[in-house]
Amino acid sequence: ALPISQRRAGDERDAQRLAGDERDAQRIAHLPEKFKDAPEFLTVPMSKWDEKMTAAAENDPCDALAILSAIRRRVPGVSYRLLKIIWLLRQPGVCDEFRELSDLDDNGDLRYDAFRGADSLEAVASVFLSDGFLNFEDYSDGGIYVSAFAAECGVHVDVVEVALDAFEADSKATQCTATQATDAIFIKAVRKGVEAARRMGRKRVAIFPYAGIVDGDGRVHKDRYEEKVLSKQLFGRFGRQLVRAAGGDDESMSEKDLIAAVEKKMVVHNRVFMSRRLLTALAMEGGAVYRRAGKGITAVEQDVEGIATALIGGMIETGGLNVAYTGSQAKRFPGRSEVLNDAHFAFRFMRDVAFADAAGGDAAAFEKAYKLVKKLLAKVVFAREERMKQRLAETSVLLLEENGLDVLAKADAETWRLRRECPTYGTIDAGTFARALAAESGRKGGASSAKLVSDFNDPEVAQSPEEEQKAKNILQIDWTQAEKEAHVRACEGGGGVPRGGFSTQAKNDAHVHACVLGKLKKRGLLPQAPVLTDANSTEVADDNPADALRGDAPGSASDPAASPAGDGAQRFTGKKKDPKSVRGALTFIEMDVPLICSECETKETSRWYGSKADRNKPVCDKCYTWQLAATRGDCAVCERAGAVAGKMRKSRFTVGAWLCGKCWRKEAPADRVCASCPAGVDAVLSWRKSKRIEGAPWLCKPCYNRERTEILTAAGTTCVECGSSKASGWFDSPDVPGGKVCAKCSKHEWRQDNRTSKKKTK
């Protein structure tokens, strides 16, 4: 493999000499030909399959549907839209290493979907992955990568046990409940796996896999891996504990020597699961179903990441190091959802725009479109993204200050200085703007910050006065726990975006507001908000009454002046009750929290709940139902978002799957067929059990209604209004004692009475 410096030089001719790049080039060249042979069921959404397509999918020699179903049992966030891409990867000669890794066992489950071990450190490689997955150094770009720590465990050499005890102690010392919860899941899975292996008298080495994604734009797999090792996430924290337990000193080691010094007791395997260029080519050839659903290439990448996580057993439930739920339909859950900063969102958004523009083309067409999008004006590219427009306006203001070019990325700033110009709101391009956000977020400066602190603590390293001051600024932050939690909330609200973006406009507006205020306060342009402590809580509350945050609309039901009683008392009518007397109100009254929904700001509801985002904030019954549905991801059948469906129900036949109301009513086993007509699962909107056929088989709704009408007609009842003996239902006549009225006449009579009552009311 070529040196890293030569790989990053961007020389396409040299890049093609890398083993991984060369192999991918051959595979990409054959993709269009392979896709031409795709069977019909891959071109039609699963909800529209007929019996012929269903049979073809079940009898497919590549087993693409069975493999995807097994993957979704472990990682439900992976979408069924990826079926065509899996089918292609399973073709003989296309990606043999993927085909071998994804082979199912005799029970139809993933082979690696459990805590795994090896008999020795040398045997870890063959247990972790199948042959054919190449090293980081064999590729020139990013993509999906998989890593694994492997360490000895047992009675005599118990590296894993020692590391786990230290890790558990550190976890209990932290004040973050979400971290403690996810750490506990991981610790329980590892202890159970190690004890089971010990009882069997083998597996003296435990394996801890992880799957991740590298976004590209000049970044390679090694960059992201080093960031993860040095991070405070589960991957980095437990990895460093393994190094210490194996006899290494991670504090004094350099990044390169972090693992090498203890390789006799532990090893690390880093492999590329799928390069970005191959992933892009697959998305362009098989991503039509994503485009039809309004999804972009980001969704394809998230689903492939979810597949990698499932195939290597990377989730913490099986002893892996993946905490966040993966897949384009991953459910949002506190502590287990990916948080995107603005720069990350900007790059993903531009890639999705290029993916839509390059529809019908190949990977080269996508790269060309992506370069063009980055050169377009930022105000044009992000015209419909209010949050990004606000950040663009803020960046343009900072560019007008003295040394304003320092806001940009270093390379962009040098380019503009040479041109003796400064970009403005109307001239800055999307790529420069996104790189400026990345530079500001410090995502690419994490390693340099860690090095500053390490050198500051090392007496043998001489730092410049500027470097010393930077290190002191990093170390002098001494927050209380309340301040830390407030900082986390501010980061999530002002600097980070949950996967898929905010689900309501109110949340999006709050994010924009927090961004602007946070940046202005940071630069001293606004006074700092008062800090709420035990000493000044009354004073701050008097200066900032809760009711002053939300004004009552004149003439509304909550406006005291609009009270019919004229005494300022609030009147509640209909089904709405006094919010102070309904269920759940007492909890917030005792906490001295205003009874105002944090989502829609209503003051009237039938019940109060604690918000899913913050249990100390009240939400009304309607908004809580929406929040609950939003946390359950998309419908497993129609893929409609839970926030759109409004209410989700648990599947009766698929473990862990959630369905919208419409799909839940029509859900049935794949082999169910109406007993009266040949309608199958895909053609039936809802199912009913027969009341006449022996054994009570299932009927589609039209056949059930027809059967019900026949049963009622056979009873010999006659309508006293129209004289008909055929009806879908019978009701007591209000005029003739003992008489019956058919459903049609009853409905007609009800409409007449209802229309009359309305006229009388007027």
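These values consider heavy atoms only, across backbone and side chains, with no hydrogens, waters or symmetry-generated copies. Bear in mind that the values here come from a model prediction, so they are computed numbers and not experimental data.
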**Message:** For F238 and F167, take the angle between the two ring planes, folded into 0 to 90°, and tell me which bin it lands in: parallel under 30, tilted 30 to 60, perpendicular over 60.
**Reply:** perpendicular
**Request:** Would you kindly say whether T432 and D429 are connected by a side-chain donor-acceptor distance under 3.5 Å?
**Result:** yes
**Message:** With a 3.5 Å distance limit and no angle check, can you tell me whether T309 reaches the backbone of E305 through a side-chain donor-acceptor pair?
**Reply:** yes
**Message:** Taking the ring of F349 and the ring of F382, is the distance between their centroids below 6.0 Å?
**Reply:** yes
**Request:** Run the numbers on T326 and Q302 for side-chain contact (heavy atoms from CB on, under 4.5 Å), then give the verdict.
**Result:** CA-CA 7 Å; T326 53; Q302 292 169 345; over 6 Å; no
**Asked** Do V268 and Y225 have side-chain heavy atoms sitting under 4.5 Å apart?
**Response** yes
**Asked** Are F433 and T395 close enough that some pair of their side-chain heavy atoms sits under 4.5 Å apart?
**Response** yes
**Prompt:** Quick one: is the NZ or CZ of R391 closer than 6.0 Å to the six-membered ring centre of F345, and within 45° of its axis?
**Reply:** no
**Message:** If you apply the rule side-chain contact (heavy atoms from CB on, under 4.5 Å), what do you find for L321 with Q233, and how did you get there?
**Reply:** CA-CA 9 Å; L321 298 170; Q233 299 176 3; over 6 Å; no
**Request:** Indicate the atoms forming the closest heavy-atom contact of T179 with S171, along with that distance.
**Result:** O-OG, 4.3 Å
**Message:** Please check: side-chain N/O of D138 versus main-chain N/O of L18, any donor-acceptor pairing under 3.5 Å?
**Reply:** no
**Complete:** CZ (R99) and CD1 (I67) are apart, to the nearest 0.5 Å, by 8.0 Å
**Message:** With heavy-atom distances below 4.5 Å as the criterion, would you say the side chains of F208 and V160 are in contact?
**Reply:** yes
**Asked** Below 4.5 Å, heavy atoms only, C-beta onward: do E317 and F186 meet side chain to side chain?
**Response** no
**Request:** Output yes when E285 and R27 qualify as a salt bridge under the 4.0 Å nitrogen-oxygen rule, no when they do not.
**Result:** no
**Prompt:** When you measure from the side chain of S130 to the backbone N and O of E97, does any donor-acceptor pair fall under 3.5 Å?
**Reply:** yes
**Asked** Taking the six-membered ring of Y145, is the NZ or CZ of R271 close enough (under 6.0 Å from the centre) and on axis enough (within 45°)?
**Response** no
**Complete:** Here the gap from S126 atom OG to F128 atom CZ, rounded to the nearest 0.5 Å, amounts to 12.0 Å
**Message:** I'd like to know if the side chain of R72 and the backbone of V78 have a donor-acceptor N/O pair within less than 3.5 Å.
**Reply:** yes
**Prompt:** Is D412 salt-bridged to R435, going by a charged N under 4.0 Å from an acidic O?
**Reply:** yes
**Message:** Distance alone, cut at 3.5 Å: any donor-acceptor contact between the side chains of Q329 and D303?
**Reply:** no
**Message:** Does the structure place the NZ or CZ of R351 under 6.0 Å from the centre of the six-membered ring of Y370, at an angle of no more than 45° from the ring's axis?
**Reply:** yes
**Request:** Could you tell me whether the side chain of R90 and the main chain of A64 form a donor-acceptor pair under 3.5 Å?
**Result:** no
**Request:** With salt bridge (Lys or Arg N to Asp or Glu O under 4.0 Å) as the test, would you mind laying out the steps for R276 and E301 before giving the verdict?
**Result:** CA-CA 9 Å; R276 179 161 295 280; E301 295 168 351; 2.7 Å; yes
**Request:** Kindly determine whether M274 and L89 satisfy side-chain contact (heavy atoms from CB on, under 4.5 Å), including the steps that lead there.
**Result:** CA-CA 11 Å; M274 186 178 296; L89 292 173; 3.7 Å; yes
**Request:** Please determine if R419 forms a cation-pi arrangement with W416, meaning its NZ or CZ atom is less than 6.0 Å from the six-membered ring centre and no more than 45° off the ring axis.
**Result:** yes
**Request:** List the atom of A151, the atom of L242, and the distance in Å for their closest heavy-atom pair.
**Result:** CB-CD2, 4.0 Å
**Item:** Beyond-backbone contact of K295 with S328, side-chain heavy atoms, under 4.5 angstrom
**Value:** no
**Message:** Testing the basics here: between A434 and M350, what is the closest heavy-atom pair and its distance to 0.1 Å?
**Reply:** CB-CE, 3.7 Å
**Request:** Mind telling me whether F273 and F98 have parallel, tilted or perpendicular rings, with 30° and 60° as the class edges?
**Result:** perpendicular
**Asked** Taking 4.0 angstrom as the limit, do R111 and D103 come out as a salt bridge?
**Response** no
**Prompt:** Roughly how far apart are L129 CG and L311 CG, rounded to 0.5 Å?
**Reply:** 9.5 Å
**Message:** Any non-hydrogen side-chain atom of V267 less than 4.5 Å from a side-chain atom of V205?
**Reply:** no
**Asked** Rounded to the nearest 0.5 Å, how far does CD of E414 lie from CG of L408?
**Response** 10.5 Å
**Request:** Give the C-alpha distance, both sets of side-chain angles, the deciding distance and a yes or no for side-chain contact (heavy atoms from CB on, under 4.5 Å) between T280 and I297.
**Result:** CA-CA 8 Å; T280 301; I297 194 171; 4.3 Å; yes
**Prompt:** Backbone N or O of G143 within a donor-acceptor pair of the S275 side chain at under 3.5 Å?
**Reply:** no
**Asked** Going from CG on D342 to CD on E385, what distance comes out if it is rounded to the nearest 0.5 angstrom?
**Response** 11.0 Å
**Message:** Would you say that T415 contacts L418 through its side chain, given a criterion of any heavy-atom pair below 4.5 Å between the two side chains?
**Reply:** no
**Asked** Could you state the interatomic distance from CD1 (I86) to CG (L68), rounded to the nearest 0.5 Å?
**Response** 4.0 Å
**Aromatic plane relationship, F355 with F366 - under 30° parallel, 30 to 60° tilted, over 60° perpendicular** = perpendicular
**Distance-minimising heavy-atom pair for L399 and C422** = O-SG, 3.5 Å
**pair L82-I307: side-chain heavy atoms closer than 4.5 Å** = yes
**Prompt:** Within the distance-only criterion (no hydrogens, no angle test), does the side chain of R116 pair as donor or acceptor with the backbone N or O of I312 below 3.5 angstrom?
**Reply:** yes
**Item:** Residue pair N270 / N135: nearest heavy atoms and the distance that separates them
**Value:** O-OD1, 3.7 Å
**Prompt:** Would a distance-only check, ignoring hydrogens and angles, find a side-chain to backbone donor-acceptor pair under 3.5 Å from H221 to D141?
**Reply:** yes
**Message:** Using every non-hydrogen atom in the two residues, find where L279 and V304 come nearest and quote the distance to one decimal.
**Reply:** CD1-CG2, 3.4 Å
**Message:** Between R237 and D183, does any NZ, NE, NH1 or NH2 come within less than 4.0 Å of an OD or OE carboxylate oxygen?
**Reply:** yes
